[in-house]
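Shown next, in C-alpha cells, is the structure this report addresses.
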Amino acid sequence: QVHLVESGGGLVQPGGSLRLSCAASGFPFSDYAMKWYRHVPGKERELVAFISGSSGITGYADFVKRRFTISRDNPKTTAYLQMNDLKAADTAVYYCEADSDDAGPFWGQGTQVTVSS
C-alpha cells in the first residue's frame, strides 16, 4: 500500500526555520516526482515546490523562491522541504505528493506549519 507521511511541522516565529520530511513507501520512489503543496482553509491549495524523480530538476513558487529548498534522498525514499525565513503567510497545512507520468498522484496526510509571534 502506498504511504506518504509528512513530519516536521510545528509552531515557529517569523524569520525562523523548519524542515519538513515526507517518508514514502509502497511505490518506486525514484520514478516519481515529488511535490510540496500547502493549503489554508477557505483558500485554494497551492504548489510550493517540486523535484523530479531522478534528474534533480527543481522548481519553486515565486513566493518561496530563495527561502525554501526541496530535496530528496532516493535511497531513503524521503523528500524534504527546508523552509527558512518563514513568514506569517506561510502558515498552512503542508502536503507532499508523488506522481509519475502515468501513475498517481499519491498524497500524504499533511503537517501543520504555524508561523506566529
Side-chain angles (χ1 to χ4, degrees):
Q1 185 176 349
V2 170
H3 285 102
L4 296 172
V5 181
E6 299 96 334
S7 61
L11 175 64
V12 65
Q13 291 185 289
S17 298
L18 286 172
R19 189 193 193 202
L20 306 184
S21 297
C22 176
S25 61
F27 63 96
F29 183 74
S30 63
D31 292 338
Y32 282 67
M34 297 296 297
K35 301 173 182 176
W36 286 96
Y37 286 84
R38 68 188 189 187
H39 177 69
V40 176
K43 298 183 179 181
E44 191 82 8
R45 181 179 62 198
E46 57 188 357
L47 177 66
V48 176
F50 70 86
I51 184 167
S52 63
S54 300
S55 66
I57 298 171
T58 60
Y60 300 90
D62 286 342
F63 53 79
V64 302
K65 205 100 173 179
R66 286 184 275 274
R67 297 191 297 123
F68 292 8
T69 303
I70 189 171
S71 62
R72 66 191 297 159
D73 187 333
N74 283 344
K76 293 182 178 179
T77 66
T78 301
Y80 304 94
L81 185 69
Q82 177 66 47
M83 306 186 296
N84 298 323
D85 191 25
L86 283 160
K87 306 177 185 301
D90 297 318
T91 295
V93 178
Y94 284 72
Y95 297 88
C96 67
E97 184 252 37
D99 61 86
S100 68
D101 289 343
D102 54 12
F106 306 119
W107 291 90
Q109 83 291 340
T111 185
Q112 176 71 48
V113 172
T114 302
V115 185
S116 177
S117 59

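The analysis underlying the following values was restricted to heavy atoms, covering all of them including side chains, and did not include hydrogens, waters or symmetry mates.
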Electrostatic pair Asp90:Arg38 at N-O distance under 4.0 angstrom: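 Answer for the salt bridge query: yes.
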Non-hydrogen atoms of [X] and [Y] that approach each other most closely:
X: Gly8; Y: Leu18; result: O-CD2, 3.7 Å
X: Val12; Y: Gly16; result: CG2-CA, 3.7 Å
X: Asp99; Y: Pro105; result: CB-CA, 4.1 Å
X: Ala61; Y: Leu47; result: CB-O, 3.4 Å
X: Gly9; Y: Thr111; result: N-OG1, 3.2 Å
X: Met34; Y: Cys22; result: CE-SG, 3.8 Å

Say whether, by atom type as modelled, one donor and one acceptor occur between the side chain of Glu6 and the main chain of Leu20 under 3.5 angstrom.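 Judged by distance alone, no pair lies under 3.5 Å.
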Side chain of Ser54, backbone of Ser30: donor and acceptor closer than 3.5 Å?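 Side chain of Ser54 to backbone of Ser30: a pair is present.
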Give the ring-plane orientation class for Tyr95 versus Trp107, where under 30° counts as parallel, over 60° as perpendicular and anything between as tilted.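 If you compare the ring of Tyr95 with that of Trp107, the planes turn out perpendicular.
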At what distance, to the nearest 0.5 angstrom, does [atom1] of [X] lie from [atom2] of [Y]?
X: Asp101; Y: Asp31; atom1: CG; atom2: CG; answer: 9.5 Å
X: Ile57; Y: Ile51; atom1: CD1; atom2: CD1; answer: 9.5 Å
X: Lys35; Y: Cys96; atom1: NZ; atom2: SG; answer: 12.5 Å
X: Tyr32; Y: Asn74; atom1: OH; atom2: CG; answer: 13.5 Å
X: Leu81; Y: Ser71; atom1: CG; atom2: OG; answer: 8.5 Å

Connected via hydrophobic side-chain network under 4.5 Å: [X] and [Y]:
X: Tyr37; Y: Phe106; answer: no
X: Tyr80; Y: Phe50; answer: no
X: Trp36; Y: Tyr60; answer: yes
X: Val40; Y: Tyr94; answer: no
X: Ile70; Y: Phe63; answer: yes

Would you please test Phe27 and Leu4 for side chain to side chain contact (heavy atoms under 4.5 Å, CB included) and show each step? CA-CA 10 Å; Phe27 63 96; Leu4 296 172; 3.8 Å; yes
Set out, in order, the CA-CA distance, both residues' side-chain angles and the distance that settles side chain to side chain contact (heavy atoms under 4.5 Å, CB included) for Leu11 and Gln112, then state yes or no. CA-CA 8 Å; Leu11 175 64; Gln112 176 71 48; over 6 Å; no
